[in-house]
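Just so it is clear: chains get the letters A, B, ... in the order the sequence lines come, proteins before strands, and each one is counted from 1. Any value given below was found using the heavy atoms of this structure, including those in side chains, with hydrogens, waters and symmetry copies removed.
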Amino acid sequence: MYRSHTCGELRASHIGQKVTLAGWVQRSRELGGMTFLDLRDRYGITQVAFNEEWDANLLQEARKLGREWVVQIKGEVIERHSKNTAMPTGVVEIKSSHLTVLNAANTPPFTIEEESDGGEELRMKYRYLDLRRAPLQRNLALRNRLNIEVRKYLDKDGFMDIETPFLIKSTPEGARDFIVPSRMQEGKFYALPQSPQTFKQLLMVSGYDKYYQITRCFRDEDLRADRQPEFTQIDCEMAFVEQEDILNTFEGLLVHLLKEVKGVHIDSVPRITYSESMERFGNDKPDIRFGMELANLNSLTQNHGFNVFDQAETVLGIAVPGASSWSRKQIDKITDWIKRPDIGMKGMVYCKVNEDGTYKSSVDKFFTQEQQAKWAKASEATQGDLILILAGEERLTRKAASELRLYIAEKLGLRNPETFAPLWVVDFPLLEWDHESERFHAMHHPFTSPKLEDISLLEKNPVKVRANAYDLVLNGNEIGGGSIRIHDRALQSRMFDLLGFSKKEAERQFGFLMNAFEYGAPPHGGLAFGFDRLVAIIGGAEVIRDFIAFPKNNSGRDVMIDAPATIDEIQLHELKLKSTAKPNE
RNA sequence: GGUCCGGUAGUUCAGUUGGUUAGAAUACAAGCCUGUCACGCUUGGGGUCGCGAGUUCGAGUCUCGUCCGGAUCGCCA
């Protein structure tokens with residue numbers, strides 16, 4: 001062993017011991033006849049002292065060291081003259097007797113500290129250096145902790161971890177697939193799984209009635225702060241269960257994780273329906289850490305001669321607590337924000353509910369005090385609040401109001417990352433109309449079962465059919481989703497019909513699954529958690545990149561290894577591929 | 001594919017109305033310094049202003065194009 005202790009463990013109780021430490025040079029402080037060296041590893045930092053009076057040559061050696069050199073130090077643990085209470089190891093230091101340089105290092109392009117001075121791009125390029133930083137190490141440790149706790153919980157409940165293949169077949173529904181050309185079957189292609197969906201259903205048919213896997217999924221779509229082209233799911237499926245069983249099992253998992261890892265106790269996980277969520281929050285993943293719910297003001301605002309309201313499909317109000325004192329300038333800033341092209345509203349009406357009980361709005365000309373009082377009542381605004389009102393086309397307005405609600409909450413500091421407010425959103429619609437392809441799309445996926453009581457609507461009013469589908473939402477982020485599946489060949493065929501698949505096409509794409517259903521498929525269902533997102537949110541962040549050791553950037557590139565990259569002509573030839581891409585540069 | 005923001009020293013940034021030799025902090029190097037812990041002090045080196053055109057007597061600054069990065073809409077069953 002190169003070391004007897006780590007850099008994070010020495011305390012007063014070790015004083016007098018001869019120890020050997022190994023680690024990276026964090027920084028050194030030279031004070032003429034003496035030098036202090038901060039030695040770092042992932043467990044902490046320990047100060048090493050060199051002194052002319054102890055060993056002048058050794059001091060000279062120590063002065064040659066640079067940041068991030070890898071060194072081994074032998075010496076005695078001594079009590080410090082001046083202690084540093086800010087450091088866990090701050091009462092002791094190493095009185096050095098031997099110094100071995102294990103490896104010299106170039107000066108790193110950014111500082112390896114709690115807060116680095118490097119920009120994101122640079123840190124990505126030197127990811128192995130960024131990963132030395134304590135915040136990243138904490139994030140990966142949190143990820144590891146959660147991974148283990150997930151396994152503990154599911155294992156205890158009888159779940160079996162079963163691996164499923166990565167080289168599978170491209171399917172038409174859902175996201176774009178990543179494609180892998182086959183060498184042995186020339187002209188044919190594998191696809192990487194968007195999720196192990198069909199395999200876990202087959203495992204149910206095979207009788208593995210409680211399955212889970214923490215596994216990679218791949219989707220070739222544009223990225224966001226909370227989306228990577230390859231990401232990790234906690235993928236689960238159960239047989240002989242109803243929706244209620246699944247909800248109970250997996251809210252139990254979340255409660256377990258928050259308790260074990262964060263020490264946070266969640267009493268209950270509320271459930272609301274999709275339509276209620278859209279009504280109250282304008283959103284299918286509401287952040288319920290705060291109120292400010294959307295109030296429909298249609299009947300209270302229309303037919304009073306104010307054109308904008310009269311012509312609007314929907315008028316929505318949000319009561320901002322304690323904001324009646326906001327200045328015109330502050331409100332204008334919000335109006336500007338709501339008019340940004342990606343929000344897309346044309347304007348915003350405000351109504352101040354003054355402390356003295358009077359009302360002051362930007363539309364006083366059209367509405368009396370009494371009428372404004374009704375708005376306040378409807379949006380649950382009390383004295384000192386400010387009502388923000390948006391009007392326009394239903395879909396756009398509801399979405400904008402939802403964004404506005406989050407924007408204001410952020411401004412007011414109501415989105416505390418240390419508060420955890422999970423909920424289930426249930427009863428999602430089964431289908432949605434896709435204007436582009438002019439056909440129905442499965443909102444969840446094509447294997448989701450419709451609610452029994454809605455099956456009669458399948459033919460005459462498909463958009464009204466609700467599914468046995470549910471999402472688990474945490475602090476305004478979808479962290480998991482699933483459904484009770486169809487386990488009956490006839491119903492599954494009918495679904496494919498509705499989704500516009502020909503019999504032949506359905507047979508070609510999903511014949512294996514439908515065949516399996518004819519050999520004794522149990523009722524089953526499940527869900528999948530977005531593990532990266534879950535880790536990030538529990539870690540108090542929304543950008544998942546820093547919770548993944550080697551993530552891709554916004555455009556799907558790994559800037560460290562420079563992937564994706566072109567391949568040799570020989571490789572292309574072997575795969576019988578020809579690139580039609582225009583050579584760049 | 002669209003929109004917005006950004007690209008200047010190793011790094012993070014400033015750079016006025018287009019005008020002299022492009023600055024600061026930090027990092028780095030050298031020297032001084034015996035209780036520092038973001039040590040301090042002195043000195044020094046360090047620039048293809050992303051790239052390419054254009055406007056102009058003159059461009060880091062204005063215009064167009066392009067590349068790269070971030071955010072976001074579409075997209076993500």
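Comparing the C1' positions of G50(B) and A59(B) gives a spacing of 16 Å, expressed to the nearest Å. To the nearest whole angstrom, the two C1' atoms, one in U16(B) and one in C62(B), are 15 Å apart. Using C1' as the reference atom, C33(B) and C39(B) are 10 Å apart when rounded to the nearest Å. Distance check on atom C1': G15(B) versus A53(B) gives 25 Å, rounded to whole Å. C49(B) and U11(B) have their C1' atoms separated by 16 Å, with the value rounded to a whole Å. Between A9(B) and G44(B), the two C1' atoms lie 14 Å apart (nearest whole Å). G70(B) and C57(B) have their P atoms separated by 41 Å, given to the nearest Å. Spacing of P atoms, U61(B) relative to U20(B), comes out at 14 Å, to the nearest Å.
Taking every side-chain heavy atom of Lys399(A) into account, G74(B) is the closest of C75(B), G74(B), C39(B). Between C76(B), A71(B), U36(B), one nucleotide has an atom nearer to the side chain of Asn554(A) than all others, and that is A71(B). Of the candidates C37(B), G70(B), C28(B), C28(B) carries the atom nearest the Thr107(A) side chain, counting heavy atoms from C-beta on. Nearest to the side-chain atoms of Arg557(A) among the listed nucleotides C68(B), C28(B), G10(B) stands C68(B). Set against G35(B), C39(B), U72(B), the side chain of Arg224(A) has U72(B) as its closest nucleotide. When distances run from any side-chain atom of Val559(A) to the nucleotides C37(B), G69(B), C28(B), the shortest one goes to G69(B). Listed candidates were G1(B), G10(B), G70(B). Nearest to the side chain of Asp222(A) is G1(B). Of the candidate nucleotides U36(B), C28(B), G74(B), C28(B) has the atom nearest to the side chain of Arg67(A). With distances taken from any side-chain atom of Phe36(A) to the nucleotides G70(B), G35(B), C39(B), the minimum falls on G35(B). Comparing C37(B), G69(B), C28(B) against the side chain of Asp38(A) picks out C37(B) as the nearest.
One can place CG of Asp284(A) at 13 Å from C1' of C76(B), the figure rounded to the nearest angstrom. Regarding Met87(A), its CE atom lies at a distance of 9 Å from the P atom of A38(B), rounded to whole Å. Atom pair Arg340(A):CZ and C5(B):C1' shows a separation of 11 Å (rounding to whole Å applied). Computed from coordinates, the Leu59(A) CG to C33(B) C1' distance equals 12 Å when rounded to whole Å. Regarding Gln26(A), its CD atom lies at a distance of 14 Å from the C1' atom of A27(B), rounded to whole Å.
The side chain of Arg29(A) places no N or O atom within less than 4.0 Å of a non-bridging phosphate oxygen (OP1 or OP2) of U36(B).
U61(B) is unpaired under the criterion used here, namely a Watson-Crick or G-U wobble arrangement in which both key atom distances are under 3.5 Å. In this entry C28(B) has G44(B) as its Watson-Crick or G-U wobble partner, both defining distances falling under 3.5 Å. Applying the Watson-Crick and G-U wobble criteria (two distances, each under 3.5 Å), G23(B) pairs with C13(B). A71(B): Watson-Crick or G-U partner is U3(B), with both key distances under 3.5 Å. Partner assigned to C37(B) is none, using Watson-Crick or G-U wobble distances below 3.5 angstrom.
Side chain of Asn553(A) to main chain of Glu121(A): no donor-acceptor pair is present (N/O by atom type, distance under 3.5 Å, no hydrogens or angles).
A side-chain donor-acceptor contact under 3.5 Å links Thr164(A) and Gln213(A). Side-chain polar atoms of Asn477(A) and Lys285(A) form no donor-acceptor pair below 3.5 angstrom. Counting only N and O atoms by type, the side chains of Glu394(A) and Thr314(A) include a donor and acceptor under 3.5 Å apart. Between the side chains of Thr397(A) and Arg395(A), not a single donor N or O lies within less than 3.5 Å of an accepting N or O. Counted by atom type alone, Asn515(A) and Arg489(A) present one or more donor-acceptor pairs between their side chains at under 3.5 Å.
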For this session: Show your working on ring-ring contact (aromatic ring centres under 6.0 Å, His included) between Phe550(A) and Tyr128(A) and close with a plain yes or no.
Result: CA-CA 9 Å; Phe550(A) 298 103; Tyr128(A) 46 88; 8.5 Å; no
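In this structure, Ser195(A) reaches the bases: a heavy-atom distance under 4.0 Å links it to at least one base atom across the strands shown. No contact: Ala49(A) has no heavy atom under 4.0 Å from any strand. Here Lys125(A) lies out of heavy-atom contact (under 4.0 Å) with every strand. Nucleic acid contact class of Leu122(A) (heavy atoms, under 4.0 Å, all strands): sugar-phosphate only. Within 4.0 Å (heavy atoms only), Ser82(A) reaches at least one base atom of the nucleic acid. Across all strands shown, Asn553(A) has heavy atoms under 4.0 Å from sugar-phosphate atoms exclusively, and none from any base. Residue-level contact check: Met124(A) touches neither bases nor backbone, having no heavy atom under 4.0 Å from any strand. Contacts of Pro109(A) with the nucleic acid, taken as non-hydrogen atoms under 4.0 Å apart, involve only primed sugar atoms and P, OP1 or OP2. Among the protein residues, Gly90(A) comes within range of no part of the nucleic acid, since none of its heavy atoms lies under 4.0 Å from any strand. Note on Glu53(A): a base of the nucleic acid sits closer than 4.0 angstrom, heavy atoms only. Among the protein residues, Arg545(A) comes within range of the sugar-phosphate backbone only, with heavy atoms under 4.0 Å from sugar or phosphate atoms but none that close to a base. Contact annotation for Glu121(A): backbone-only contact, meaning every heavy-atom pair under 4.0 Å involves sugar-phosphate atoms and none involves a base.
Take the nearest nucleotide of RNA chain B for Glu432(A) and for His81(A): the residue whose nucleotide is more 5' is His81(A). Toward the 5' end of RNA chain B, the nearer of the two residues Trp54(A) and Gln197(A), judged by each one's closest nucleotide, is Trp54(A).
For Glu93(A) against G35(B), a side-chain N or O and a base N or O form a donor-acceptor pair under 3.5 Å. No N or O donor and acceptor, one from the side chain of Glu30(A) and one from the base of U36(B), sit under 3.5 Å apart. Put simply, the side chain of Asp117(A) and the base of U26(B) share no donor and acceptor less than 3.5 Å apart. No hydrogens or angles were tested; on distance alone, a donor-acceptor pair under 3.5 Å links the side chain of Arg227(A) to the base of C75(B). A donor-acceptor contact under 3.5 Å links the side chain of Arg80(A) to the base of C37(B).
Contact check on Lys504(A) versus Glu507(A) returns no salt bridge, with no Lys/Arg side-chain nitrogen under 4.0 Å from an Asp/Glu carboxylate oxygen.
Using bins of under 30°, 30° to 60° and over 60° for the plane-to-plane angle, the ring pair Tyr274(A)/Phe428(A) lands in the tilted bin.
The shortest heavy-atom contact between Ser96(A) and Ile73(A) is CB-CG2, 4.3 Å.
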